[in-house]
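First comes the structure, then the notes that go with it.
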Amino acid sequence: MAFFISIIAGAFTSTLTMPYDVHLASHVSPHTANYAIIVAGGSGTRMQAAVPKQFLLLNGLPVLMHTLLAFHNSNSQPKLIVVLPEAFHEYWQQLCAEHSFNVTHQLVGGGPTRFHSVKSGLKLVPDDALVAVHDAVRPLVSAQTIEAAYQQAARQGAVVVAVKSRDSIRQVKAAHTQSLLRDEIYLVQTPQTFKADLLKRAYECTYQESFTDDASVAELAGHAIHIVEGSYQNFKITFPEDIAIAELLINKKPHV
């Protein structure tokens, strides 16, 4: 399911920011630690797989490991927190041993919804940090995107990565449909990055079914959400064919 933001006067406050040069990453809030909460609560139902999709092999490594490596190898060097249902903790530890995966991360139990899982991860994040929240099954996020998000969160407080819609958009209400202006529609991805004290205060609210992501929680608390231009390659692995597409894109990347 793709979430979208419609930038319409009076309905949504947003600033679109193009990614910064990756060499500027060293200028990101040098006094503030970076954290990343990797939310890995998917069940894999739509993948028709025996294990959740975050554990499926992608070029020989579980998807979740690719995601952790993307953040670990970025110049932002965030401290990593993996939120995973407790029933899979032992299995994940077995996978780490099997693949000699030694990227340092903290493992915490998830909750019944994404909201509760993120709230659990936030308990490990200090108030004066920057925190990115990222889907475990978006393994192709680039270092440039990660770093741009941290940079803008340091300046603006609440940032989502998003891309313009390539398709025409229609809104369905009961038996009626209405065309929306494509140029005003952005498809929201992750990471969604915040000043930690801002996000932690926002998450003190009671859960609502209308919460689709972290930005919707922060927005309810009265914070403007800003946009960093993302990449169409930063897609969410949802269906079986997505693994093949991701492998193709990984194999096209230059190897140093």
Side-chain angles (χ1 to χ4, degrees), residues 1-3 33-47 49 51-56 62-72 78-93 95-96 103-127 129-139 141 146 149-150 153 158-161 188-221 223 225 234-238:
M1 179 178 181
F3 301 114
N34 295 328
Y35 281 73
I37 297 174
I38 310 300
V39 185
S43 64
T45 302
R46 283 176 288 185
M47 290 294 296
V51 297
K53 53 192 175 182
Q54 59 266 28
F55 301 135
L56 294 177
V63 168
L64 176 54
M65 291 183 185
H66 285 277
T67 304
L68 288 168
L69 285 168
F71 280 83
H72 175 73
K79 294 177 173 62
L80 299 169
I81 300 166
V82 174
V83 185
L84 184 68
E86 291 184 3
F88 290 107
H89 282 200
E90 184 177 352
Y91 181 61
W92 170 244
Q93 290 162 355
L95 288 175
C96 288
V103 171
T104 301
H105 60 280
Q106 293 177 278
L107 187 62
V108 298
T113 68
R114 189 182 190 280
F115 174 91
H116 296 95
S117 293
V118 172
K119 191 169 186 175
S120 178
L122 283 171
K123 293 177 182 177
L124 302 180
V125 179
D127 289 348
L130 295 174
V131 59
V133 184
H134 189 68
D135 298 326
V137 289
R138 292 186 189 268
V141 61
I146 292 168
Y150 279 117
V159 169
V160 299
V161 171
V188 177
Q189 303 176 337
T190 63
Q192 299 187 8
T193 310
F194 306 83
K195 291 181 179 178
D197 58 344
L198 178 158
L199 190 62
K200 291 173 77 173
R201 287 197 305 270
Y203 265 87
E204 291 174 359
C205 71
T206 302
Y207 170 71
Q208 298 183 22
E209 289 188 0
S210 59
F211 291 150
T212 56
D213 58 6
D214 312 289
S216 60
V217 179
E219 189 174 33
L220 182 68
H223 300 288
I225 308 301
N234 181 25
F235 62 88
K236 190 174 185 178
I237 290 179
T238 306

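Below, each value reflects all heavy atoms present in this structure, side chains not excepted, and no hydrogens, waters or symmetry copies.
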Closest approach of [X] and [Y], non-hydrogen atoms and distance?
| X | Y | value |
| --- | --- | --- |
| V83 | S117 | CG1-O, 3.5 Å |
| P191 | F71 | CB-CZ, 4.2 Å |
| A221 | A202 | CB-CB, 3.9 Å |
| L64 | F55 | CD2-CE2, 4.5 Å |
| I37 | G121 | CD1-C, 3.7 Å |
| A196 | D127 | CB-O, 3.8 Å |

Taking S210 for the side chain and Q208 for the main chain, is one N or O donor matched with an acceptor at less than 3.5 Å?
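No, the answer is negative, given that no donor and acceptor are paired below the 3.5 Å cut-off.
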Do the charged groups of D213 and R114 touch, with an N to O distance under 4.0 Å?
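Salt bridge between D213 and R114, a charged N being under 4.0 Å from a carboxylate O: no.
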Would you say that [X] contacts [Y] through its side chain, given a criterion of any heavy-atom pair below 4.5 Å between the two side chains?
| X | Y | result |
| --- | --- | --- |
| D197 | K200 | no |
| V51 | L56 | yes |
| H105 | I38 | no |

Roughly how far, to the nearest 0.5 Å, is [atom2] of [Y] from [atom1] of [X]?
| X | Y | atom1 | atom2 | value |
| --- | --- | --- | --- | --- |
| H223 | K195 | NE2 | NZ | 10.5 Å |
| Y35 | Q106 | OH | CD | 7.0 Å |
| K123 | I81 | NZ | CD1 | 12.0 Å |
| E204 | L199 | CD | CG | 10.5 Å |
| Q192 | D214 | CD | CG | 5.0 Å |
| T113 | H116 | OG1 | NE2 | 4.5 Å |

For side-chain contact (heavy atoms from CB on, under 4.5 Å), just list the numbers for M65 and L95, CA-CA rounded to whole Å, side-chain angles, deciding distance to a tenth of an Å, and then say yes or no.
CA-CA 10 Å; M65 291 183 185; L95 288 175; 4.1 Å; yes
Check T67, T190, N234 against H134 for a side chain to side chain donor-acceptor pair (under 3.5 Å) and give me the one that passes.
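Testing H134 for a side chain to side chain donor-acceptor pair (under 3.5 Å) against T67, T190, N234 leaves exactly one candidate, T190.
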Kindly write out the residues that satisfy ring pair (Phe, Tyr, Trp, His ring centres under 6.0 Å) with H66, not counting sequence neighbours, or none if the list is empty.
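Testing H66 for ring pair (Phe, Tyr, Trp, His ring centres under 6.0 Å), a comparison that skips the adjacent residues, returns none.
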Run the ring pair (Phe, Tyr, Trp, His ring centres under 6.0 Å) test against Y203 and tell me which residues pass, sequence neighbours left out.
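Once residues adjacent in sequence are excluded, the partners of Y203 under the ring pair (Phe, Tyr, Trp, His ring centres under 6.0 Å) criterion are F115.
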Check whether more than 12 heavy atoms from other residues, nucleotides or ligands sit under 6.0 Å from atom CD of E209, and answer yes or no.
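Atom CD in E209 is not packed in, count stays at 12 or less.
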Would L107 and Q93 satisfy side-chain contact (heavy atoms from CB on, under 4.5 Å), going step by step from the backbone distance to the final call?
CA-CA 10 Å; L107 187 62; Q93 290 162 355; 4.0 Å; yes
